[in-house]
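These numbers come from a predicted model, not from an experiment.
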Amino acid sequence: MDYLQRMNDALDYIENNLDGEIDYKIAANLACCSVYYFQRMFSFIADITLSDYIRRRRMTLAAFELQNSNVKIIDVAIKYGYQSPDSFSRAFQNLHGIIPSKVRKGGVSLKAYPRISFHISIKGDDEMNYRIERKEAFKIIGIKKHFKAPDESGIVVPEFWVELYRNGVLQDLSDLSSGIPSGVHGFIEVLGEDTVDYTIACISDDEVPEGMSSQIIPESTWAIFEVMGPVKTAMAEAWKRIFSEWLPTSDYKHAESIEIECFPNAGNKHDDDYKFEVWIPVVKNDNR
């Protein structure tokens, strides 16, 4: 059973339970990964968060039901996971632009979001440069931010970098950097179903300055992807391609440990020719 088939099995479970409780743990188990990584893979491949996809599908089915039956609005609301007509009405209006009671009057415009399915698309026109490298354990020194993921990551992480730049900590970390790769990097560590630590740190064996912390990154095999472009846009595209193109066709799977967004000191992160790397821990895929 391959990567995309497992994702489609998880989607089957979600679709079969849109009118009931959806347990993210069951979906993630079908996809053979943790809840966090399932949500993350889903959003990269589908270009929408899992929670938004479920909400859109439920509101699509609710609209069909209101159009084609005499079921009470409160019963439709409860069926699709809402405990009150008001909360259901707000969600319905946010998606369709009208309140549920107007659907039965006819002649209204509604939105329909069909079920998605995952397939591989072989384009062959844009290569991905990567290497597989085994690296011994190493120490990092930096500042850690704890946040809820994946919903907060797009806001918290960029603001964290700006904060450390403004207070001079990024320069302090750059001066501490003594390991390879040099520079100040982002380390992503999943702690639970929806909680993540993001550490901005350098590789260094120096003493830990006051206000900072250290951590040992364990020995791992890494798939290291070369990326070029402004970090703000190129990073998102890199992660998407790793999950939607490289992992489904490689002989590796994500080891679900710490990931690294690796930024060298040379160059400007806003430039089109800025070169950086994404490191993901991998293990051989025994299911292929």
Side-chain angles (χ1 to χ4, degrees), residues 24-25 28-29 31-44 49-50 130 132-165 169-170 172-174 176-206 208-209 211-225 227 231 235-236 238-240 242-243 246-247 252-264 276-283:
Y24 280 18
K25 289 182 180 179
N29 285 338
C32 297
C33 61
S34 68
V35 170
Y36 171 75
Y37 279 99
F38 175 66
Q39 293 181 83
R40 197 155 176 247
M41 285 190 293
F42 185 95
S43 64
F44 280 127
T49 66
L50 179 59
Y130 76 96
I132 303 296
E133 185 174 308
R134 186 78 181 173
K135 187 174 178 63
E136 294 181 354
F138 56 93
K139 185 177 98 173
I140 63 171
I141 297 174
I143 305 288
K144 185 174 294 186
K145 174 79 75 173
H146 182 72
F147 65 93
K148 183 178 177 65
D151 296 336
E152 294 181 356
S153 56
I155 298 173
V156 172
V157 171
E159 289 181 347
F160 190 25
W161 280 96
V162 170
E163 175 191 344
L164 297 195
Y165 170 76
V169 172
L170 282 189
D172 294 339
L173 289 171
S174 181
L176 276 173
S177 175
S178 59
I180 298 175
S182 63
V184 182
H185 318 303
F187 296 81
I188 307 163
E189 182 177 12
V190 178
L191 302 178
E193 292 182 11
D194 60 357
T195 52
V196 169
D197 274 348
Y198 188 92
T199 304
I200 296 177
C202 64
I203 300 173
S204 176
D205 288 323
D206 289 356
V208 181
M212 297 186 185
S213 62
S214 66
Q215 184 175 354
I216 300 299
I217 306 301
E219 180 179 0
S220 300
T221 298
W222 303 91
I224 302 172
F225 297 86
V227 188
V231 170
M235 180 66 78
W239 280 116
K240 178 177 175 60
I242 289 168
F243 278 102
W246 189 81
L247 278 171
Y252 294 90
K253 62 182 178 180
H254 201 298
E256 298 200 18
S257 57
I258 294 173
E259 302 165 338
I260 310 174
E261 297 173 337
C262 186
F263 304 112
F276 61 99
E277 295 177 335
V278 172
W279 293 38
I280 64 167
V282 294
V283 295

Do Val227 and Met235 come within less than 4.5 Å of each other through their side chains, counting heavy atoms only? no
Within-4.5 Å side-chain heavy-atom neighbours: Asp172 and Met212: yes
CD1/Ile258 to CD1/Ile217 distance, rounded to the nearest 0.5 angstrom? 3.5 Å
Look at atom CD of Glu136 and say whether more than 12 heavy atoms of other residues, nucleotides or ligands are closer to it than 6.0 Å. no
Evaluate the ring planes of Trp246 and Tyr252, with Trp represented by its six-membered ring, and classify them as parallel (under 30°), tilted (30 to 60°) or perpendicular (over 60°). parallel
Flag, side chain of Lys139 to backbone of Asp206, donor-acceptor distance under 3.5 Å: yes
Is the shortest side-chain heavy-atom distance between Leu50 and Tyr24 below 4.5 Å? yes
Would a distance-only check, ignoring hydrogens and angles, find a side-chain to backbone donor-acceptor pair under 3.5 Å from Glu256 to Tyr37? no
Whether Glu259 and Arg40 form a salt bridge (side-chain N of Lys/Arg under 4.0 Å from carboxylate O of Asp/Glu) is what I want to check. yes
Under 30°, 30 to 60°, or over 60°: which ring-plane class applies to Tyr198 and Phe147, parallel, tilted or perpendicular? tilted
Does any N or O in the side chain of Ser182 come within less than 3.5 Å of the main-chain N or O of Ser177, such that one atom is a donor and the other an acceptor? no
Quick check: do Trp279 and Pro181 have side-chain heavy atoms less than 4.5 Å from each other? yes
Run the numbers on Thr49 and Gln39 for side-chain contact (heavy atoms from CB on, under 4.5 Å), then give the verdict. CA-CA 7 Å; Thr49 66; Gln39 293 181 83; over 6 Å; no
Kindly assign one of parallel, tilted or perpendicular to the pair His254 and Phe243, based on the angle between their ring planes and the thresholds 30° and 60°. parallel
Examine distances only and state if a side-chain atom of Ser204 and a backbone atom of Leu176 form a donor-acceptor pair shorter than 3.5 Å. yes
Would a distance-only check, ignoring hydrogens and angles, find a side-chain to backbone donor-acceptor pair under 3.5 Å from Lys240 to Phe44? yes
Would you indicate whether the side-chain heavy atoms of Leu170 and Trp161 approach each other to under 4.5 Å? yes
Taking atom CZ of Phe138 as the centre, report whether more than 12 heavy atoms of other residues, nucleotides or ligands fall under 6.0 Å from it. yes
So how far is it from Leu173 CG to Ile200 CD1, rounded to the nearest 0.5 Å? 8.0 Å
Can you tell me how far apart CD1 (Ile260) and CD1 (Ile203) are? Round to the nearest 0.5 Å. 6.5 Å
Geometric class of the Phe187/His185 ring pair [parallel <30°, tilted 30-60°, perpendicular >60°]: perpendicular
